[in-house]
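Report on one structure; see the data block that follows.
Basis for what follows: all heavy atoms, side chains included, without hydrogens, waters or symmetry-related copies.
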Amino acid sequence: MRNVVIIGSGCAGNTAAIYTARANLQPLVISGHEAGGQLSLTTLVENFPGFPEGIMGPELVENMKKQAQNFGAEYLHGAVIDTELTTRPFRLNVEGEWIETRTLIIASGASARWLGLPNEHKLIGHGVSSCATCDGFFYRGKKIMVVGGGDSAMEEANFLTRFGSEVSLVHRREEFRASKIMLDRARHNPKIKFVMNTVVEDVFDTSQQLVTGVRLRNLKTGRIWEQDVDGFFVAIGHIPNTKMFKGQIETDPDGYILSKGGARTNIAGVFHAGDVQDRTYRQAITASGAGCMAAIEAERYLEEEGH
Ligand code: NAP
């Protein structure tokens with residue numbers, strides 16, 4: 001029987017592990033399919049406080065893990081495929097093995113939705129990004145492309161005009177999912193060029209390990225052409241990793257956990273941390289802060305229960 005199990009090993013999960021381990025609760029962290037979370041997909045992180053020269057995303061998250069392990073946190077490779085949270089103790093099925101725990105911290109994150117282009121994954125962190133706040137700075141004076149037609153795409157395109165020499169916004173339809181206000185803001189931004197009814201067929205150039213351009217196709221005319229691009233931002237939504245809690249943990253219609261105040265969920269003893277609940281900020285530092293909150297709440301909960 002575990003005191004604390006943490007699902008997810010990104011910033012939220014690792015920070016929760018540092019805090020609960022220092023409180024002598026010997027947490028077990030289940031790493032998940034994307035061990036290290038979104039940071040493991042980035043390169044240089046320049047906005048995490050404490051690193052004046054910046055730090056590589058994978059190194060930052062690995063450091064957090066080591067820090068947690070130094071205080072006694074255990075890590076288990078694997079993913080949670082099923083859960084029983086309506087009875088105590090909580091039960092988690094990790095790839096066939098059931099684990100029991102008194103408290104649970106859900107830090108399973110939200111995965112960026114990708115386009116599925118042949119070269120897309122090979123160039124993540126080398127010009128392909130899903131986070132303008134994280135990576136926009138690297139494209140000062142460069143050509144930027146954003147894909148998507150929702151609020152995220154509008155927000156990212158607007159933000160990226162601070163850096164790029166030009167920002168092309170590629171959307172597959174004529175109509176937008178984005179709210180009127182966000183769309184109007186983008187439309188009034190002279191640096192944003194709208195490319196409608198168009199899909200990206202692929203991104204280049206894997207031989208240079210760097211984004212140099214894309215191939216586009218207009219869905220109405222069938223025209224295919226190539227365009228030079230330095231930064232390629234995919235903003236077509238995120239998918240919160242909450243499938244394994246379905247019907248037990250309350251979520252919004254998109255699957256994000258509904259907070260019941262602080263780090264609390266609708267189930268006493270189950271806490272949330274990071275992007276699995278946060279569709280607004282999604283930053284390493286906010287996820288870490290949320291992991292700290294969840295850890296403190298789990299600690300107090302166990303204390304109240306007399307453990
Ligand atoms: P979204 O609203 O689901 O929009 C996703 C966009 O990506 C859609 O335009 C969709 O096109 C496009 N898309 C999806 N799959 C695609 C594919 N395979 N190829 C090409 N295009 C694809 O997602 P979101 O923009 O991330 O927003 C999610 C939620 O967060 C929304 O509720 C939004 O209002 C909110 N949000 C709010 C703010 C803000 O208020 N500041 C900022 C960001 C997000 P189709 O339209 O053709 O389906």
Side-chain angles (χ1 to χ4, degrees), residues 37-49 51-61 111-172 178 182-183 185-196 198-216 225-238 281-286:
Q38 299 284 300
L39 267 196
S40 60
L41 299 177
T42 62
T43 47
L44 190 64
V45 178
E46 293 182 312
N47 52 10
F48 198 93
F51 301 93
E53 313 301 330
I55 181 166
M56 298 305 278
E59 189 186 347
L60 176 58
V61 81
S111 305
R113 193 175 270 144
W114 297 101
L115 291 163
L117 310 175
N119 287 327
E120 192 177 30
H121 258 74
K122 294 176 203 144
L123 292 170
I124 291 174
H126 303 277
V128 171
S129 171
S130 62
C131 178
T133 318
C134 319
D135 299 328
F137 188 79
F138 302 120
Y139 301 98
R140 221 168 250 280
K142 301 267 175 75
K143 296 190 185 79
I144 297 175
M145 180 169 283
V146 177
V147 183
D151 282 339
S152 295
M154 300 308 132
E155 191 169 68
E156 302 229 326
N158 263 314
F159 177 75
L160 289 165
T161 58
R162 295 186 201 179
F163 309 104
S165 56
E166 58 178 59
V167 175
S168 306
L169 191 136
V170 175
H171 181 39
R172 63 184 175 185
M182 304 280 281
L183 180 58
R185 206 172 290 156
R187 278 192 166 135
H188 289 122
N189 189 325
K191 267 182 146 182
I192 299 178
K193 183 172 159 258
F194 284 79
V195 186
M196 309 299 300
T198 297
V199 292
V200 182
E201 288 201 325
D202 208 358
V203 53
F204 315 116
D205 178 5
T206 48
S207 68
Q208 295 185 53
Q209 269 296 300
L210 198 71
V211 169
T212 58
V214 294
R215 186 171 65 245
L216 300 162
W225 73 103
E226 290 189 2
Q227 187 171 322
D228 289 348
V229 164
D230 304 297
F232 183 72
F233 289 81
V234 179
I236 61 169
H238 285 77
Y281 303 105
R282 293 184 182 133
Q283 299 301 297
I285 188 71
T286 51

On a heavy-atom basis, which atom in [X] and which in [Y] lie closest, and how many Å separate them?
X	Y	result
Asp205	Leu123	N-CD1, 3.9 Å
Ser130	Trp114	CB-CH2, 3.6 Å
Ala153	Gly149	CB-N, 3.9 Å
Asp135	Ser129	OD2-OG, 2.6 Å
Pro190	His188	CD-O, 3.2 Å
Ala235	Glu156	CB-OE1, 4.1 Å

Could you tell me whether the side chain of [Y] reaches within less than 4.5 Å of the side chain of [X], counting heavy atoms only?
X	Y	value
Pro49	Ile285	yes
Phe233	Val167	no
Met56	Leu44	yes
Phe204	Val214	no
Ser168	Gln227	yes
Val211	Val229	yes

| field | Worked check of side-chain contact (heavy atoms from CB on, under 4.5 Å) between Glu226 and Thr212 | value | CA-CA 10 Å; Glu226 290 189 2; Thr212 58; over 6 Å; no

Looking at [Y], is its backbone amide N or carbonyl O close enough to the side chain of [X] to form a donor-acceptor pair, meaning the two atoms are under 3.5 Å apart?
X	Y	answer
Asn119	Val203	yes
Lys142	Gly231	no
Thr198	Met196	yes
Glu120	Leu115	yes

Inter-residue atom distance [X].[atom1] - [Y].[atom2], 0.5 Å rounding:
X	Y	atom1	atom2	result
Leu169	Met154	CG	CE	4.5 Å
Lys191	Leu160	NZ	CG	10.0 Å
His238	Gln38	NE2	CD	5.5 Å
Leu210	Asp230	CG	CG	8.0 Å
Cys131	Phe159	SG	CZ	8.5 Å
Lys122	Leu117	NZ	CG	11.0 Å

| Between Val200 and Phe232, does a side-chain contact (heavy atoms from CB on, under 4.5 Å) hold up when you go through it step by step? | CA-CA 11 Å; Val200 182; Phe232 183 72; 3.9 Å; yes

| Does CZ belonging to Phe137 count more than 12 external heavy atoms closer than 6.0 Å? | no

| Criterion side-chain contact (heavy atoms from CB on, under 4.5 Å) on Val199 and Leu216, from CA distance to verdict | CA-CA 6 Å; Val199 292; Leu216 300 162; over 6 Å; no

| query | Between the side chains of Thr161 and Asn189, is a donor N or O closer than 3.5 angstrom to an acceptor N or O? | reply |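 Short answer, yes.
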
| Would you say the side-chain atoms of Glu155 and Asn158 include a donor-acceptor pair closer than 3.5 Å? |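 Judged by distance alone, the side chains do not pair up.
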
| said: Evaluate Arg140 against Arg162 for side-chain contact (heavy atoms from CB on, under 4.5 Å), listing each step before the verdict. | reply: CA-CA 8 Å; Arg140 221 168 250 280; Arg162 295 186 201 179; over 6 Å; no

| request: List the steps and the verdict of ring pair (Phe, Tyr, Trp, His ring centres under 6.0 Å) for Phe138 and Phe163. | output: CA-CA 8 Å; Phe138 302 120; Phe163 309 104; 9.4 Å; no

| query | Which of parallel (below 30°), tilted (30 to 60°) and perpendicular (above 60°) describes Phe51 and Phe48? | reply |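 Because their plane-to-plane angle lies in the 30° to 60° range, the rings of Phe51 and Phe48 count as tilted.
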
